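Here the structure is a predicted model, which is why all the values come from computation and not from measurement. Computed over heavy atoms, backbone and side chain alike; hydrogens, waters and symmetry mates excluded. Throughout, a chain's letter reflects where its sequence line sits, starting with A, and its residues are numbered from 1.
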Amino acid sequence: MKDPAISIQDLHVSYFGNEAVTGVSLSVNTGNLVGIIGPNGAGKSTFLKAMLNLIPKDKGAVKVLGKPITEVRKSIAYVPQRNDIDWDFPITVLDAVLIGTYPHLKLFRRPKKKDKEWAMECLQRVGMQEFSKRQIGELSGGQQQRVFLARALAQKADLFFLDEPFVGVDVSSEETIVNILKELCRQGKTVIVVHHDLSKANDYFNQLILLNKELISFGTVEEVFKPEVISKAYQGQFAFMNEIGVSL
Amino acid sequence: MAFIEAVMQYGFLQKALLTSVMVGIICGVIGCFIILRGMALMGDAISHAVLPGIAISYMLGVNFFFGAVISGVITAIAIGFVSQNSRIKHDTSIGIMFTAAFASGIIIITMLKSSTDLYHILFGNVLAVRSSDMWITLGISLIVLAAVYLFYKELLVTSFDPTMGAAYGLPVRFIHYFLMTLLTMVTVASLQTVGIVLVVAMLITPAAAAYLLTERLWMMIFLASGIGVISSIVGLYFSFTYNLASGATIVISSTAIFILVFLFSPKHGLIWKTLKVKKKRASLV
Ligand SMILES: Nc1ncnc2c1ncn2[C@@H]1O[C@H](COP(=O)(O)OP(=O)(O)O)[C@@H](O)[C@H]1O
Ligand SMILES: [Mg+2]
């Protein structure tokens, strides 16, 4: 039997005693495109970071590909939320993607010509090759997100974690990104995406994690994307409810 | 030129020149990482925080280098500890800790020594650089340059996207304290030339000017070092010729370069930017 991509047991995370994520247990099989949805402040980013051991957890066990996360870090690519990045940093698009090759480079080693070619190939996949010499701040939001996806591709990872990749992104970039994510899943990779907007969630993902501090629901899109389930997470946010009422 | 003749002639001036050139280089290199990580205030803090370490080293009769590094690193850890374990923000924590360290340093030094030493530590006296100081500066420079060269990848990632670095397994916090250690060493090397009070200017002004000139980190590092070196030489010239405090003349030289870059940088300079906007608007009339 194959190990699940991620298995989580009773995960608890708090900030100075304020619970942000409580008692989440679930297990995701490889090859899935999973959306983490829930209202703002639901603890989605916290959940993602705790899974990757980027912030301390109060309790719980996380296994990635059947191993502790520290042993499989090189098979993971993480794309941070947009506002975590300093867009004025003196770095070009190609050099930003090239960072994706760093995890596999030994200490003291520099990226070589073939690494640069590989970075260029990844840029090509997201349709950004002609912008390779631009500074990263001189791009639109959608182009920036595509560059960061290219960096994740450059990491040759088995698991991809993306935090709100569709915020501030134009329609065509969103389409490019979704297509690449779906393609990755067809290749047997596992992709986990934080997504706070319910619209299109049912088109994009095949599994959903509905979160509001605790795990409200986890399962296939058909199981989770029902008004009575969703409303438990989005209590009182009727505007949202109408939106999905229409789209369902 | 009298200055060049004097440099040829006087050993003390040669030492002063070599030392301040090395200081210009390493301040530029480390300064780039300091400003990109938004740690300019931290640079100021650590440079002040070495004072008690220097004082205690005098007291124990050991080389001041060791005391300075220890007190600089302890202060960096204390700053991190307070801001991570309370609602006190990072800059506030910096303000509390470095002034405390600096104040204790002043007390210890005044109890121990004459105030001339304090004056020189605070404001630098490059013309009094001894051979041993020059060698220490050379040693520090080699260590700093080697460290940045060897760990360039890691420093780049943790400055640009620390979360990604942590996600693929870099010891981000360790790298932070490693950089703080380098920063402390650079501060110590700068004591003789610019003094504690003005080190921060050598760290951030050349790096900030370089930041306005390029979109590549390695280029920024080279430019910052270059600007640091030019500032050092020009500053030393004015210090020697007009008998002014070397720290002050070096810092003012770097400020002058910064102002020129701020106005005339091809891409980010105020003048070109304004001209381009004007031209564009005129073409639309
Ligand atoms: N560094 C932090 N310190 C204290 N509280 C935090 C911190 N980060 C997030 N929180 C709190 O934890 C909760 C969950 O935040 P987050 O995971 O960012 O939510 P989401 O990504 O779903 O919008 C929020 O109430 C937020 O205010
Ligand atoms: Mg979030």
Does atom [atom1] of [X] have more than 12 heavy-atom neighbours from other groups under 6.0 Å away?
X: A:K67; atom1: NZ; value: no
X: A:K182; atom1: NZ; value: yes
X: A:K59; atom1: NZ; value: no
X: B:F222; atom1: CZ; value: no
X: B:W135; atom1: CH2; value: no
X: B:Q84; atom1: CD; value: yes
X: B:Y177; atom1: OH; value: yes
X: B:F151; atom1: CZ; value: yes

Atom group of [X] that falls short of 4.5 Å from chain B, counting heavy atoms:
X: A:F148; result: side chain
X: A:I99; result: both
X: A:E71; result: neither
X: A:F161; result: neither
X: A:P80; result: side chain

Inset, instruction - Could you please spell out the steps behind the side-chain contact (heavy atoms from CB on, under 4.5 Å) verdict for A:Y102 and B:L156? - result: CA-CA 11 Å; A:Y102 287 9; B:L156 168 61; 3.4 Å; yes
Between [X] and [Y], which heavy-atom pair has the shortest distance, and what is it?
X: A:R151; Y: B:F160; result: NH1-CE2, 4.1 Å
X: B:L150; Y: A:F108; result: O-CD2, 3.5 Å
X: A:L107; Y: B:E154; result: CD1-OE2, 3.6 Å
X: A:K106; Y: B:K153; result: O-NZ, 2.9 Å
X: A:P90; Y: B:M220; result: CG-SD, 3.7 Å

Inset, instruction - Please tell me if the side chains of A:R110 and B:Y152 come closer than 4.5 Å, counting only heavy atoms from C-beta onward. - result: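 Sidechains of B:Y152 and A:R110: in contact.
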Legend entry - Within-4.5 Å side-chain heavy-atom neighbours: A:I91 and B:L217: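 Sidechains of B:L217 and A:I91: no contact.
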Inset, instruction - Using a cut-off of under 4.5 Å on heavy-atom pairs, state which of A:D86, A:D88, A:L52, A:I76 scores highest against chain B. - result: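 Most pairs with chain B among the choices: A:D88.
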Inset, instruction - Sort out for me which of A:L105, A:N53, A:D95 touches chain B most, counting heavy-atom pairs under 4.5 Å. - result: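 Ranked by contacts with chain B, first place is A:L105.
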Inset, instruction - Give a yes or no answer on whether the side chain of A:K74 reaches the backbone of B:Y168 with a donor-acceptor pair at less than 3.5 Å. - result: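 No; judged by distance alone, with no hydrogens or angles, the pair does not exist.
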Inset, instruction - Measure B:Y149 against the heavy atoms of chain A and call it side chain, backbone, both or neither at under 4.5 Å. - result: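 Contact with chain A involves both backbone and side-chain atoms of B:Y149.
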Inset, instruction - Could you tell me which portion of B:T163 (side chain, backbone, both or neither) has an atom closer than 4.5 angstrom to a non-hydrogen atom of chain A? - result: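 Both backbone and side chain of B:T163 come within 4.5 Å of chain A.
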Inset, instruction - Just do the side-chain contact (heavy atoms from CB on, under 4.5 Å) check on B:E215 and A:K133 with the steps written out, would you? - result: CA-CA 10 Å; B:E215 308 293 5; A:K133 293 206 173 70; over 6 Å; no
Inset, instruction - To the nearest 0.5 angstrom, please state how far the CZ atom of A:F89 sits from the CZ atom of B:R216. - result: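 So the CZ of A:F89 and the CZ of B:R216 are separated by 13.5 Å.
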